[in-house]
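For the numbers below, each heavy atom of this structure counts, side chains included, while hydrogens, waters and symmetry mates do not.
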Amino acid sequence: MTATPGYGVTLRGVTQRFGDTVALDGVDLEIRPGTITGLLGRNGSGKTTLGSLVAAFRRPTSGQVLVDGEDPWENERTAPGVCLVRESGDVLDEDRLRDNLDFFAGARPTFDRAFAAELMDLFELDPKSKPSKLSRGKKSAFGITIGLASRAPLTVLDEVHLGLDAPSRYAFYDALLADYLAHPRTIVLSSHLIEEIERLLEDVVVLDRGRVLLTQDADSLRAEGVSVTGPQDAVDAFVAGRTVLGTQRLGRTAQVTVRGGLTDADVARARATGLDLGPVPLQDLFVHLTDPRRRDGAAPAHAESEVLP
Amino acid sequence: MTTATATRPGTQASPTRHALRVLLRAFRPLTTWFWVIVVVAAAAATPVVAAVNGEVEISFVGLARQGGIWVLFAMSIVLVAVHLSASVAAGMTRRTFARASLVAAGGTGLLWGVLLTVLVLVERAVHRALGWDTHLADALLPDPTSSVWLLLAELVPMHVVGAVTGLLVGVVYQRVGGWWGTLALPLTFLPLALVIGTDEAQVAFVPVDGVTPGTAAAVHVLGALLVTVAAAATYTAVARTVVVRSTT
């Protein structure tokens, strides 16, 4: 036994079928305890199904799911310590928010009522209102309140912040990070908004069509590529022959993300031509990895956007 | 297996007790409203009928028997639909929810059976004081002179079975969905159908040679108890396999 802050997750050969649809296909995966792991994938890649299996919302068709070393299904020990918050809610819709908080606080030994009250204030939630009467954004905020205040050893937040406006989303990211640092635990964050959450992530899991495409710590992943910024002609010349993941142009300035490391000579050449080098944005890598044309063996496409002056 | 330090769940009140408190709270408003309406309706109808007919021979309170059974049955279905998913999402096991919901529904059924018995006795006393006869318009088994024990023996099991059958119907809908849940109704509704069927046929209380009303009541209670235990066991087994689906 080792002392770690939070529950680890292990999936061994996990397959989940829904009729003819294969949501997860022989998934082998380890989520390290005490980390914030980003669960990234396109729509229908299996992120929500994976969260449901870990939280024992359903059982896999085949394979083994372990939470803190044990099967979570009907597990009296791990159940109070696993919190899955989905965009769909899973709260008592016709009970007031404060009654819902009482309900969740009574069921979770680690629930922090004072922190819940802080988050209710932060997201301007009225304790007397009912979830069924809330807007999508406020429902998301209430789910986040429950998810963070539960301080469960394993918290899975599945697209919970999509309904929030930008200021609320950034308030959520700040609250999550601050509370995680004060109370380390395992947090799995599933999202499409990769640019916004990538600063939070320590590990990254990319799912694609029910399979694990990549699982890696975020820092080493970022080191697998580089962003090159500078005059358009110089950038184009520098990246010629490399795998381009994404391109942005602003007037005569371009920023291109390429995959693969640079040699010392490459770095010197870039600097000599006035180019800035930076880490690879996870979003570009994600788009590249999950591009259907790349997956199907066709020529890889890369994201390109142009911002007119 | 690891032992986490900072955020591991500590000791807390039993999850079953917590779930039970929440579920009893869900039954409370309905219990209050239903019995207030029964009392007010009986108190209002009795003088009206007395003014028209000169006397009242039926038990208005007794009419609440059918209503009570069906309201509890429906409430139990709703209870499973609303609380099972939320309980699992809150970190409880399905087994915990099943235990708590059985106690909550069964206990509420017991309470309603006792309340109806008390109101029938009060109404009977009022009628006697006013010189009226009383018979129960519904197929209530005990006669106007039956003892409190016979009333309890008939009314309590009916309400308890109604509530537990509602849980069973509700959980099967949760488990297999709308179409199969409806197709399964002949089986899932069977516990209540059995008890209502034997009750309305007055099988248990029909005087037969050598069988006293007390013996018949005991048989009725025992039969209802067996049906309840079977329904509860089936409910628990099904509840432990329910998948929590997304609501969007």
- Item | Other residues, nucleotides, ligands: >12 heavy atoms within 6.0 Å of B:W70 CH2 | yes
- Message: Distance check, rounded to the nearest 0.5 Å: B:M75 atom CE versus B:F27 atom CZ?
- Response: 5.5 Å
- Task: Inspect the contact between A:R86 and A:D158 and indicate whether a charged nitrogen and a carboxylate oxygen are less than 4.0 angstrom apart.
- Result: no
- Query: If you count heavy-atom pairs under 4.5 Å with chain A, which of B:R94, B:M92, B:R240 comes out on top?
  - Reply: B:R94
- Task: Flag the pair A:D68 and A:R77 as a salt bridge only when some basic side-chain nitrogen lies within less than 4.0 angstrom of an acidic carboxylate oxygen.
- Result: yes
- Hey, would you say the B:W112 and B:F73 ring centroids sit under 6.0 Å apart? no
- Interatomic distance, A:E202 atom CD to A:I187 atom CD1 [nearest 0.5 angstrom]: 9.0 Å
- If you check every heavy atom in residues 45-67 of chain A against those of chain B, which residues fall under 4.5 Å? A:A56, A:F57, A:R58
- Query: Looking at B:V160, B:L192, B:T108, which one forms a side-chain contact (heavy atoms from CB on, under 4.5 Å) with B:L72?
  - Reply: B:T108
- Message: Could you check whether A:D217 pairs with A:R32 (Lys NZ or Arg NE/NH1/NH2 to Asp/Glu carboxylate O, under 4.0 Å)?
- Response: no
- Query: At a heavy-atom separation under 4.5 Å, does B:S87 approach chain A through its side chain, its backbone, both, or neither?
  - Reply: both
- Message: Is B:V22 close to chain A through its backbone or its side chain, or both, or neither, when contacts mean heavy atoms under 4.5 Å?
- Response: side chain
- Which answer fits A:D99, side chain, backbone, both or neither, if we ask what part of it has an atom under 4.5 Å from a heavy atom of chain B? both
